[in-house]
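Residue numbering restarts at 1 for every chain, and letters A, B, ... go by the order of the sequence lines.
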2 protein chains.
Amino acid sequence: MSIHTNLIRSFGYLIHLDEAEKEFISSLFVSKQYQKNDHFLREGQVCREAGFIEKGLIRYYNIKDSGEEVTLDFGKENDWTCNYESFLDHSPSLRNIECLEPTEILTLSYENLQRIYNEVKEGQKFGRLICEFLYLQAIKKLNSLYTDLPEQRYLHFVNDYPDLQQRVPQYYISSFVGVKPPSLSRIRKRLSL
Amino acid sequence: MSIHTNLIRSFGYLIHLDEAEKEFISSLFVSKQYQKNDHFLREGQVCREAGFIEKGLIRYYNIKDSGEEVTLDFGKENDWTCNYESFLDHSPSLRNIECLEPTEILTLSYENLQRIYNEVKEGQKFGRLICEFLYLQAIKKLNSLYTDLPEQRYLHFVNDYPDLQQRVPQYYISSFVGVKPPSLSRIRKRLSL
DNA sequence: GGCGTTCGTTCACCCAGGTTAATAAAAAGC
DNA sequence: GCTTTTTATTAACCTGGGTGAACGAACGCC
């Protein structure tokens, strides 16, 4: 039986799995294909599955009352994706998840995640570690928003996602950094001097 | 045997406890007294206990490279307090927790929290719900920073913490809102027209 | 290859918030 | 009560990002 190698490696960073568990987990995932601009999740929908990105690129965004889009984050190969709030309590999502490239996502239903929690030896630990990871990620971002100037956030972006520079249109990057495109141009000009 | 009523009520919002469990949990907490300006936690220390605020007022803050303080949040009677990141993995705290009033905190050591997880029927569930709650709180704050103007964040503060207006110096509020004191003055002036 | 669309940069102007410092008001000490 | 310290407001000036529009480059499409 073949298993999803990258997926299992990602589990392996958090918990130990025996061979049977690797195959079991692998079998719970369903592969889905998305075109550019397809949505993995739309505002208002309930997020019923978590996903592991095999290939491609996604973008998380909100829509403000004014209609303006705010890019919150990006995800790419070997990242997990999900609107965790919506997934946890089955509330309607406030956030959109859109594919920026043709993307392949291994999806795991809420019910199958519960099976992992309950049927894999370190399943509960996995759930806790995921939540803790997401929490730390959110806190890190909060600190950056409070502390860093747009210029520093742009530098962090370049540093954290070196390849995304080329793969993502600049107006998504500017929105992620928290400024408008002309302002990001000014920042880039300043930095290149 | 006497139990800490407010504390147990706070548990009761999340999980069901029988009488023996209530007493058991109550017995794991140690009351500590703090003066105004005492620190519950300082940057660099490892956060070794969670706390339930019986009485008083605390303030969470970071210190930027520039030396400037950034107020991240407040906590008061019946709130929990902890630097969860530091508490979880025993890493040095990046954050300070300071008492703004004489404050009484019921503290729970890391080890005793593990006892609750393991010896109370719904202990594990309690741990997960706490983490999920903190995560949702962080996400909500992130959204506000991305989406709201300072004026809106100030209005949210007034709305979310109606009594803190009177109990907290304005320069902490301005820092929480993400602007400097003169700017908060201008916002307040604008709003009072 | 040529056409249209999309995207990035630049310009001129505007404005909210930062900065510094002065002043006024309120608390805290004695 | 008076003095000292702390805190809040105000004013004048500065600056960085927003806005709207123009221009040019790059990309897609037929």
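Ring geometry for Phe11(A) against Phe126(A) counts as parallel: the plane angle stays under 30°, on a 0 to 90° scale with 60° as the upper cut.
Residue Glu68(A) contributes atom CD, which lies 12 Å from atom C1' of dT19(D) at whole-angstrom precision. Atom CD in Gln152(A) sits roughly 16 Å away from atom C1' in dG17(D) (whole-Å rounding). Rounded to a whole Å, the NZ atom of Lys189(B) is 14 Å from the C1' atom of dA24(C).
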Pull out every protein N or O sitting under 3.5 Å from an N or O of nucleotides 28-30 of chain D, one pair per line with the distance.
none

Show each protein N/O and nucleotides 13-17 of chain C N/O combination with a separation under 3.5 Å, one pair to a line.
residue: dG17(C); atom: OP2; partner: Arg190(B); partner atom: NH2; Å: 2.6

List, with names and distances, any nitrogen or oxygen atoms from the protein found under 3.5 Å away from nitrogen or oxygen atoms belonging to nucleotides 6-9 of chain D.
residue: dT7(D); atom: OP1; partner: Tyr171(B); partner atom: OH; Å: 2.7
residue: dT7(D); atom: OP2; partner: Tyr171(B); partner atom: OH; Å: 3.1
residue: dA8(D); atom: OP1; partner: Gln170(B); partner atom: N; Å: 2.7
residue: dA8(D); atom: OP2; partner: Gln170(B); partner atom: N; Å: 3.2
residue: dA8(D); atom: OP2; partner: Tyr171(B); partner atom: N; Å: 3.4
residue: dT9(D); atom: OP1; partner: Arg188(B); partner atom: NH2; Å: 3.4
residue: dT9(D); atom: OP2; partner: Gln170(B); partner atom: NE2; Å: 2.4
residue: dT9(D); atom: OP2; partner: Ser185(B); partner atom: OG; Å: 2.8
residue: dT9(D); atom: O5'; partner: Ser185(B); partner atom: OG; Å: 3.4

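Every residue two or more places apart in sequence or in another chain was checked for a ring-ring contact (aromatic ring centres under 6.0 Å, His included) with Tyr60(A), and none qualifies. With sequence neighbours left out, the salt bridge (charged side-chain N to carboxylate O under 4.0 Å, His left out) criterion links Lys32(B) to Glu49(B). Not a single salt bridge (charged side-chain N to carboxylate O under 4.0 Å, His left out) links Arg186(A) to another residue, sequence neighbours left out. Applying the salt bridge (charged side-chain N to carboxylate O under 4.0 Å, His left out) test to Glu21(B) and every residue at least two apart in sequence or in another chain returns Lys121(B).
Side-chain atoms of Thr103(B) come within 3.5 Å of backbone atoms of Leu57(B) as a donor-acceptor pair (strictly under, hydrogens ignored). Side-chain atoms of Tyr146(B) come within 3.5 Å of backbone atoms of Phe176(A) as a donor-acceptor pair (strictly under, hydrogens ignored).
Ile63(A) belongs to a hydrophobic cluster with Tyr61(A), counting contacts under 4.5 Å between side-chain heavy atoms of Ile, Leu, Val, Met, Phe, Trp and Tyr, direct or through other members. By the 4.5 Å side-chain criterion applied to Ile, Leu, Val, Met, Phe, Trp and Tyr, Val30(A) is assigned to no cluster and stands alone.
Overall, the helix from dT9(C)-dA22(D) to dC30(C)-dG1(D) carries an axis bend of 50° between its ends, with five pairs at each end and the value rounded to 10°.
Between the side chains of Thr147(B) and Asn143(B), no donor N or O sits under 3.5 Å from an acceptor N or O.
Listed by first and then second residue, the salt bridge (Lys or Arg N to Asp or Glu O under 4.0 Å) pairs that reach into residues 103-118 of chain A are Arg115(A)-Glu119(A), sequence neighbours excluded. For residues 166-181 of chain A, the salt bridge (Lys or Arg N to Asp or Glu O under 4.0 Å) pairs, not counting sequence neighbours, are Glu68(A)-Lys180(A), Glu77(A)-Arg167(A), Glu101(A)-Arg167(A), Asp163(A)-Arg167(A).
For Phe52(B) and Phe29(B), the gap between ring centers reaches or exceeds 6.0 Å.
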